[in-house]
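Hydrogens, waters and symmetry mates are skipped; everything else that's a heavy atom, side chains included, is used.
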Amino acid sequence: MQPFPFAFPAAMMSNAASGSPFPGVPNFPMPGGGMPSFPGMPALPPMPPELTELFARWMQRPEKWREWGNRWLSAQSQLWDRFIHHRTEPVVPEVERDRRFSAPAWKANPIADYWRQSYLVFSQLVMELVEASDFPDGKTKCRVKFVVRQWLDALAPSNYPATNPEFIETAMATQGESIRRGIENLLADLRKGRISMTDETAFEVGKNLAVTPGAVVYENPLMQLIQYAPLTETVGERPLLFVPPCINKFYIMDLVPESSLVRFAVEQGYTVFLISWKNPGVSEAHFGWDDYLALGPLTALEVVREITGCPDPNVLGFCVGGTILASALAVAVARGDPPVHSLTLMTTLLDFAESGELGCLVDEASVAAREATIGQGGLMLGSELAQVFSMLRANDLIWNYVVGNYLKGEKPKPFDLLYWNSDSTNLPGPFVTYYLRHMYLENELRLPNKLNMLGYPVNLGAIAAPAYVMAAREDHIVPWRGAYHSMQLLGGEKRFVLGASGHIAGAINPAKKNRRSYWVNPELPQEPDEWFAAARECPGSWWNDWADWLKEHKGKTVPARESLGNDKYPPIEPAPGRYVKEPALPLVRGSREAAAV
């Protein structure tokens, strides 16, 4: 008698029907065939030529296939032996730590337990095969690993009703109500065009997000400049200008009050200004990299100097906002503008040699295609940007919500970070293509005087201001070693601090909560791993370390201003202003906006 003949429905077990040559790894077919598709999730990327060649090379090495197949069969034998003899210890220890399969139902149901472990064995073997294969270069290998991981993540039995015991358990417990709610959630997200990650009714920009008091004191077609009201009787004479990324809305730096970096800086006794980038539409689709420098930090610095009378403000840039800021400062040095007093960079790349998976996905063909379509004018839609970033962490930002929202019929919980994450922005095509080609693809910003911006050769080494550079240890967008090498391009005294966690949670680590930890080492050797080996781990938020460092650049203490702006730049409207509230709406085919994309 064949053991456990009902482990999978016949349609799933059939190689001809499922396309799966491996026992215990069905294709989990969806209605209509193919892989599942959900709102806000793009079609899985096409198989790159490198992967096709890889399969061909594998087929020419039968000894490797035999070795791989024997390991697979050995693991299957252990799984069946475990099932038959009712053993509880897992064959795959990682299964206990995988959040996709952590619910008790996966362990209590022997069939589901087999599914999850068989899937993990298969995934591990496939990734090991990729790792052991030869590639023309590291970038190709990274790109192939990304594509393979997308498919493996999509194949997880947790993603399908027929193979997820939590779906069955919840449906029985609710007498089918969870299925009705799941369909309702799916239809709502289809109308929205993206997967819901949080309860969006719980938040409103200007009501419970971005509520630090202030006013817009200047605006142009690309940005509004916000000045925040003082929260202390005295302030440092040097103001602090924030330059957030233009890829997302600025209020990642001004979330709820207890998590607001802006409010924290104001409470430390600084006159804080912040750039709020416009969400580009057709009218802004022609703007390029130079426009963002000229109409962004360079103009903002002029206005800040005129309002405060301080010739050398402190400045802070976050993510691509830091890349824009550093480029603008290099232009300012080249043309003889007054210098800034200090520079803070948060999770910022200036040297793109180690740019993570995003860098692996940028190649000549993809950049040339963008240049041909939107390089002279057009928009890269915010929905596309959001999809790319979600695919970098597909299990957390796609499949987690597919399972929760649609299979179990749950409503996502309120979470300010995820509300911000879903509030996407468009980008002008000329800006995007310049950034992709000259930073990610050709990595020219690191080369002194290689690039000309606003008619001036830029040299990051000419930026002599003291710099505080923060990176995050688990950052998948700005790998911390890349941020470390980026710091080395700057010309002034430097302090490098490594925060725990990832790109956002590592950077936005409120001092009032004082969670996680950070690493410091005043010595700055050439290699980042050497720096880390001698670094000291400190408990709590890196914000406190930054605040102590910035005090040295605060200047003398002066009375806080009673009014915002001045006669030349009077307040236009209360913070957070209009620009941050403009949504990146889906474009209607046939409209003027769609024609520009």
#### Entry: Residues E166 and W106: side-chain donor-acceptor under 3.5 angstrom
yes
### Task
Kindly check if the number of other-residue, nucleotide or ligand heavy atoms within 6.0 Å of CD (E96) is above 12?
yes
### Message
Is it the case that the side chain of N509 and the backbone of G499 share a donor-acceptor pair, with hydrogens and angles ignored and the cut-off at 3.5 Å?
### Response
no
#### Entry: Considering all heavy atoms, the nearest H503-D475 contact
ND1-OD2, 2.7 Å
### Message
Within 45 degrees of the ring normal and closer than 6.0 Å to the centroid, is that where the cationic atom of K494 sits relative to Y468?
### Response
no
### Task
Give the intermediate values and the outcome of salt bridge (Lys or Arg N to Asp or Glu O under 4.0 Å) for residues R149 and E357.
CA-CA 12 Å; R149 196 182 74 240; E357 286 188 334; 2.4 Å; yes
### Message
Quick one, V272 and E267 - any side-chain contact, counting heavy atoms below 4.5 Å?
### Response
no
### Query
Just by distance, do the side chain of Q227 and the backbone of G565 share a donor-acceptor pair under 3.5 Å?
yes
### Message
Using every non-hydrogen atom in the two residues, find where I463 and A326 come nearest and quote the distance to one decimal.
### Response
CD1-O, 3.4 Å
### Query
So, are K278 and E219 salt-bridged, with charged N and O less than 4.0 Å apart?
no
### Query
Side chains of N395 and N400: donor-acceptor distance under 3.5 Å anywhere?
no
### Task
Fit a plane to each ring of Y251 and Y419, take the angle between them on a 0 to 90° scale, and name the class: parallel (under 30°), tilted (30 to 60°) or perpendicular (over 60°).
tilted
### Message
Would you say that T299 contacts Y218 through its side chain, given a criterion of any heavy-atom pair below 4.5 Å between the two side chains?
### Response
yes
### Query
Can you tell me how far CG of L550 sits from CH2 of W543, rounded to the nearest 0.5 angstrom?
13.5 Å
### Task
Determine whether more than 12 heavy atoms belonging to other residues, nucleotides or ligands lie under 6.0 Å from atom NZ of K107.
no
### Query
Looking at residues at least two apart in the chain, or sitting in another chain, which of them share a ring-ring contact (aromatic ring centres under 6.0 Å, His included) with H553?
H341, W549
### Query
When rounded to the nearest 0.5 angstrom, what is the spacing between CG in D423 and CD1 in I252?
11.0 Å
### Query
Under the 3.5 angstrom rule, does the side chain of N514 hit a backbone N or O of G540 as a donor-acceptor pair?
no
### Message
Tell me whether the rings of W480 and F532 are parallel (<30°), tilted (30 to 60°) or perpendicular (>60°).
### Response
tilted
### For the student: nearest non-hydrogen atoms of A547 and Y270, plus distance
O-OH, 4.5 Å
### Query
Taking everything shown except K413 itself, do over 12 heavy atoms lie less than 6.0 Å from its NZ?
no
## Note on the structure
When rounded to the nearest 0.5 Å, the distance separating CD1 of I247 from OG1 of T425 is 7.5 Å
### Task
Output yes when D137 and K139 qualify as a salt bridge under the 4.0 Å nitrogen-oxygen rule, no when they do not.
no
### Message
Tell me whether E237 contacts the main-chain N or O of K556 through its side chain, where contact means a donor paired with an acceptor under 3.5 Å.
### Response
yes
### Message
Return the CG to OH distance between D98 and Y119, rounded to the nearest 0.5 Å.
### Response
7.5 Å
#### Entry: Minimum heavy-atom distance between P244 and I275, given as atom pair plus value
CG-O, 3.1 Å
### Query
Can you tell if the side chain of E442 reaches within under 4.5 Å of the side chain of R437, non-hydrogen atoms only?
yes
### Message
If you define the side chain from C-beta out and look only at heavy atoms, does anything of P539 sit under 4.5 Å from Y518?
### Response
no
### Query
Cut-off 3.5 Å, side chains only: do N544 and S541 have a donor facing an acceptor?
no
### Sub-4.5 Å side-chain heavy-atom contact between L301 and P313
yes
### Query
Is the backbone N or O of C360 less than 3.5 Å from a side-chain atom of R143, with the two atoms forming a donor-acceptor pair by type?
yes
### Message
Filter on side chain to side chain donor-acceptor pair (under 3.5 Å), then keep only pairs touching residues 205-214, sequence neighbours left out; what's left?
### Response
T212-D254
### Message
Counting C-beta onward and ignoring hydrogens, is there a side-chain heavy-atom pair between I477 and F389 closer than 4.5 Å?
### Response
yes
### Message
Restricting to disulfide bond (SG atoms under 2.5 Å apart), what partner residues turn up for C538, sequence neighbours left out?
### Response
none
### Task
Report yes if some heavy atom in the side chain of Q150 is under 4.5 Å from a heavy atom in the side chain of V147; otherwise report no.
no
### Message
Pairing donors with acceptors under 3.5 angstrom, does anything connect the side chains of Y401 and R194?
### Response
no
## Note on the structure
dist L418:CG -> S196:OG (nearest 0.5 Å) comes out at 11.0 Å
### Query
Looking just at side-chain N and O atoms, do E474 and S501 make a donor-acceptor pair shorter than 3.5 Å?
no
### Task
Answer yes or no for R536 and W519: cation-pi contact, defined as NZ/CZ to six-membered ring centre under 6.0 Å and angle to ring axis within 45°.
no
### Query
Can you name the closest pair of heavy atoms from I508 and S259 and give their distance?
CG2-O, 3.7 Å
### Message
Under a 3.5 Å threshold, yes or no: a donor from one side chain and an acceptor from the other, between T344 and W546?
### Response
yes
### Message
Rounded at 0.5 Å granularity, tell me how far OG in S327 sits from NE2 in H438.
### Response
11.5 Å
### Task
Taking all heavy atoms of F496 and all of M487, pick out the closest pair and write down the distance.
CB-SD, 3.6 Å
### Message
Within a 6.0 Å radius of atom CD on E493, are there more than 12 heavy atoms belonging to other residues, nucleotides or ligands?
### Response
no
### Task
Check whether more than 12 heavy atoms from other residues, nucleotides or ligands sit under 6.0 Å from atom CD of E233, and answer yes or no.
no
### Task
Flag yes if more than 12 heavy atoms outside R515 fall under 6.0 Å of its CZ atom; otherwise flag no.
no
### Test item: M197 and D396 side chains (from C-beta on) under 4.5 Å apart, heavy atoms
no
### Query
Between the side chains of S342 and N314, is a donor N or O closer than 3.5 angstrom to an acceptor N or O?
yes
